[in-house]
Structure formats: C-alpha cells, structure tokens
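Everything below concerns the one structure shown next.
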Amino acid sequence: MNKYFFYFLIILFLSSCKKEGCTDVLALNYDSKAEIDNGSCEYYTVTEYNIDQPSGFPTPQIPIENPLTVEGVNLGKKLFNDPILSVDGTISCSSCHLKSSNFSDPNKTSIGFNGLQGTRNASIITNSLWSNSFNWDGSALTLESQAFEPITNPKEMNNTWQNVENTLNGNEQYRQLFMNAFNIDYIDSIHVVKAIAQFERSLISSNSKFDKFYRGDGSLNSSELNGYAIFNSEKGDCFHCHGTMLFTDNLFHNNGLDSEEPFVDNGLGDITNNPGDNGKFKTPSLRNVEFSAPYMHDGRFSTLEEVVSHYNDGGHYSSTVDPLMKKIGVGLQLTNQELNDLIAFLKTLSDVDYITED
Amino acid sequence: MKTLKLPILFSILILFTSCPKDEELICGCTDDQACNYNPNADIDDGSCFLIYGCTDPLATNFDPIANCHDSNLCLYLKDNVMIEFYNHIDGTPLIFDSFTGYSDWFSTNSGQNFNILNLYYLITDIKLSDNNGNTLKTLSNFHFTSSDNENSNYLFIPGILSAGEYENLEFVFGLKSENNISNSFIDEDFHTQMFWPDFMGGGYHYMKLEGKFDNETSFYATHTGGLDGIDYSLSKSFPVNIISNEDGSTHNIRISMDINNWYSNPNNITINSDGIMGNAELQQKLKENGEYNVFNVQNMND
C-alpha cells in the first residue's frame, strides 16, 4: 500500500509541473509549450450562409471549393467596398459597381486609375449566382476568375497581386478576418477573390413587384399587364433572350446595334477567335433594369425609352446579327402606348428593397 | 507439429457434424441465413451454403466461389444503344460548322430559298416496343439537340438491352401536354433557351429552327410548341428490329429529320419573318407535316 501511495505522489508531483493548455496542433489556440491538455482547445468554425431559394429560379451552382459562409460573405463585402485593393488606394470594386445602380456603373464607361476610361459599361453583378459566364464577352467562367482581372487592369485598379497581398497582410484586421473566414495565416490572392466571389453570390434580387405577382401576392395594373403580354409574345419578342425568372438566357447574341464591320468591339468573338461570334455580347438580366442605366455593353443608350426604340426600329444588319432580330430595319412597330406599357412592365422588375437596404 | 494439427481438427469436426444414424432426427442445414436452410432439420450436418453470389457463368460477375445463387446479383453485359440525331435537307446532311454556323442555302419543295443558322429541339419518351405496342425498354426520357453543340447529335445509352427482340422505336417530338409544364426542366441547360412563356400556355419549345430566307437580310424563326395548352407534339413509331444477344455490342439507330418537309407535305408553308408561336393554325399545319414525312428511323447495323 505504501509503495502505491508513493508512486501516486510522484505522478501528482510530476504532473503539477507540466504546463496545462491546448495540445492539439489543429486547434486555433494550440499552445506549443503545454504538455497536458486541459480541454480548452478551440477549433476553427464557420457559419454556413443560407440562401433563400427564390421561387422559379434554378438550383444555384456553388463551387464546392468555395462554399458560402457568413464570415466569407462579410469579408467579401468589406473587400468589395475597400479602395485598399487599388494601387493608390482610391478605387474599390464598388466605385464602378454601385449598389444604387444594380451593381453596375451609372457612367457610360467606368473611370479607373488616374482617370483612365474603359471601353465598356460595368457588368451587373446581381443574381450572378445563376450565371456561368461573366463580363460582356464571357471572358471569365467563374466569379473567382473574374475578380482576378480588375485588380491588375491598368485602366481599373492598376495594382499587382504581390502589392495587394503585402498590403492586406500588413493589416491586422484583415489578417484576423481572413483567419476567421478561411483559417489562413497568410492572405493570398486566391482567398481574396474567393471572399469577393462569396459576397457577389449573396447579391440576390427576387422580390420585385413582378415576383410578388408571380407568387400570387400582388397584382399588376392594366398597363403593366399589357406590357407583360407584349414582352412574352412575339409581338415584343423580348422573352427569347430575356426569359424565365432570371430574365436572361445567359447566352450571347448580336442584337443589331451596329452595321459597320469590323465591329468597334468584337465581344465574344475576341474570346473564342470565331468570326461567327463577332459582335455578340452576353444577354444581361432585366431585373432592376430601371436602375442599371446606361444600357448595352458600351452604355450607348441612357434611357429605357432609347432601348425599346432600338428594337422597335429593328436595328442594323450585320453578318452575325441574331435571326431573332427578325425584321431588321423594320422592327416591332409597336405604338407609343405599347412602348409605354412595355416600359411599365420592365419597371415591375425593380426590387427597391434590394437596391436601397444595406 | 503444425502439419499434424489441421487433420486432427478436421477429423474432430467431421465427427461432430456427421449425421447420427437415428431415424427420429432429420439432418440438414439449420442456419436460417443459408440458401439451403431446412426448417425441419434437427441436426446441422455441415451442408449449409452461405456464400451468396452470381453462379451463372454467362454473367460478367460470375463468382466461382459462390454456392448460393441469387439472380438479382448477376450482371450481364447488356447491349448498348447509340442514337444519332441526323438532320438533313432533302437528303443533304446539315453539316455542323462550329466556326461559322450553318451557312449553306437550300430550297424548299415550293422553291423558296432558306438557310439554317440555329436548330434546337427536344425529343422525349424514347422507347423500344414490341409489335403489340408494349414498351420493352425506355431508352431516354428526354434529349435536347443543339446546333451549338455537335455532341448533342448523339445519345449513347450503355448496358441497356437484355437479350431479346425489340421491334419498334417510339419517340415523341416535343413534349406531350402532361410533360410540358413550366419549370419542369428548370435545372437542365436548355431551360432558359427552350422555355415557352406562361403567357402562351407555358412549358417548353419543341423546336427552334431559325435562319435566313429569300435574301441575306430576311430572318425566320420556326418555333413550335404547345400553344395555350394545346398539344402539337408528335408521337412516332418506326420498325428497328433490334436483336440483343447480350454480348455487349452497340446497336446504332439513326433518327433523321428532313427539315425541308416541315414546309411541305401535306401543307405548303411559305417562310416569312412573322413569329408563329401564337399562330394555332400554323402550329397545326406544322404538326401535320411532322406527322407525314419529316422523321425516319434506321437501324444502322442492318
């Protein structure tokens, strides 16, 4: 008995000398000096970001390597609005993708670093969760790869990724936020674009007057209903490209803007190197179209009236014009009342809460 | 020592499991997990078969160790079916040119010139049946063919045909009313491209055939579908006489569409640039032409 008691005392003595703490190397508070685990380990956890699947929308495709988390979306939002990403700290993503403009630019073309101007109207980001190609010419196939580009574009942020990484890693708050969102010690470009893409995927607009009508929670007035009928029949023939609850076919078309060839901007053709794709641009969604002026890839139309006039007059022939621009130069020949009704319907796609709430 | 142990153990086992010569007791397999379980047996005689598997030497997963046959476990090298969707204009194949799209000009039977820039269509309920109209095998519930994607002209269905005779191929051009419901293909790639507005009855286009007519600057769009809920789909059946010997071979079937005949036989249709989706009379005429002589099916292995 005495012998065992002696051993017990020795063990007690030895163990009391050892430092207690978290001994799991995988834990956030791993203590390399601790020898006895006292159950205090804290592990990296993230909170799943839930998406409310809007009625009539397809099942969203989210890359498995970048699931949406509350931490990631919030970090992405901060990065999106922070001019820290540009070389001189003056331009953020939100400088050209304004929420009040449906995450597009109210200017015809955007002004970037040193006052330099791009050649296209900034693309809308709303509901990009349901898109599989990005930019007017489809040059990016994921939001992550899209986000790589503006940072180093000399007409946009004109920065280098090395500089972005250095700046962010020198910022204690960002280091903590990236740790929380991705469990990383060193902030790299891949995680910057991942966070931005997560935020962009969270930008969902699905509560317009039309949505309420579609769900049976509201009604449209007679002018809007007449516009709905024109939109959804071959009288206006808007639906073939701007159809379904997404109000886009996510495809590329030449909608007869220009007759001169070569085109000033080849759009998709420069990406595919297929002359049959010259002059084709991605169909934008018409959700919040009231807020996203100016219109077309080059922002040439400043009002919805100008847009519907383009289709009503029939546009211009070119070798790649879409066959759905059936009556080139003749157009839809809608009356002024019908054009007004069509515009009234387009304005039912406005989701004011989405545009205004923080 | 080791070599001696096994025979001894084996003898002891035999001794215990051998059936006593007592007529009161029934010997057999008493393990209810065995495939030769004898519920009347009193004494287990070691005859239980417990290894389940496929014991058919003709199956691809024949198991030589198995002693319990379970036909559900057998896999046969069933025959494959390859369907080609072959589009032509009066015998001239519509050549897919991914670089510039279709640009050749053709002439309808009534002499009108046209070309084809886009061709998208849905074929549904593709089945093999016998001569009494009984479905023997459903090959595919739906298939979307797109001129933007050459691969979509082919549908390969592996390991589908067990041994037997398959006399006819049946399919529906477009969608029957009961299947033509808005958003029912919401997660398919063709959803945004083929949907048919609720305003005109909902569902999906059966076909979008687009191009130029008469001259370079006139465009047509022959879009067919179920207008206002009226069913203009076509149910077709053609003899194919496929015999599967379950030897893993591929049966090549060609479903051909003669685009020219959409515009003639029995109804002559003049192509123009007016939209036809809301035109019930033209939808009916196109249906009649489709019934008459647009489609054909060939067993290419013949």
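Order of the sequence lines fixes the chain letters, A, B, ..., with proteins taken first and strands second; residue numbering starts at 1 for each chain. The shown structure was predicted, so the numbers you read here are calculated from the model rather than taken from an experiment.
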*asked:* Quick check on A/Y214 against chain B: is it the side chain, the backbone, both or neither that has a heavy atom closer than 4.5 Å?
replied: side chain
*Could you tell me which portion of B/M200 (side chain, backbone, both or neither) has an atom closer than 4.5 angstrom to a non-hydrogen atom of chain A?*
side chain
*Distance-only, no hydrogens or angles: does the B/E210 side chain make a donor-acceptor pair with backbone N or O of A/L324 under 3.5 Å?*
no
*asked:* Under 4.5 Å from any heavy atom of chain B, what part of A/T320 do you find: side chain, backbone, both or neither?
replied: neither
*Where on A/F231 is there a heavy atom nearer than 4.5 Å to chain B: the side chain, the backbone, both, or neither?*
neither
*May I ask you to check whether over 12 heavy atoms, not counting those of B/N267, lie within 6.0 Å of atom CG?*
yes
_Using side-chain heavy atoms (C-beta onward) and a distance below 4.5 Å, is A/H240 in contact with B/H223?_
yes
*For A/E234 and B/G278, which heavy atoms make the closest approach, and how far apart are they?*
OE1-N, 4.1 Å
*Side chain, backbone, both or neither: which part of A/M325 has an atom under 4.5 Å from a heavy atom of chain B?*
backbone
_Region of A/V321 in contact with chain B, defined by heavy-atom distances below 4.5 Å_ = both
_Side chains of A/S233 and B/F199, heavy atoms from C-beta outward: is any pair under 4.5 Å?_
yes
_Greater than 12 external heavy atoms within 6.0 Å of B/D187's CG_ = yes
_What I'd like to find out is whether the side chain of B/D274 reaches to under 4.5 Å of the side chain of A/K327, using heavy atoms alone._
yes
*Determine the option with the most heavy-atom pairs under 4.5 angstrom with chain B, choosing from A/T244, A/N132, A/D249.*
A/T244
*Side chain, backbone, both or neither of B/E216 within contact of chain A (heavy atoms, under 4.5 Å)*: both
*Provide the closest heavy-atom pair for B/N183 versus A/G56 in the form atom of the first, atom of the second, distance.*
ND2-CA, 3.9 Å
*Answer yes or no: does atom OH of B/Y292 have more than 12 heavy-atom neighbours from other residues, nucleotides or ligands under 6.0 Å?*
no
_Over 12 non-hydrogen atoms of neighbours within 6.0 angstrom of CD in A/E65_ = yes
*Any side-chain heavy atom of A/F239 sitting closer than 4.5 Å to one from B/W196?*
no
_Please tell me whether A/N250 and B/T192 have a donor and an acceptor in their side chains that are separated by less than 3.5 angstrom._
no
*Go through B/S273, B/A221, B/S218 and name the one with the most non-hydrogen pairs under 4.5 angstrom from chain A.*
B/S273
*Minimum heavy-atom separation for B/H191 to A/P58, with atom names?*
CD2-CG, 4.5 Å
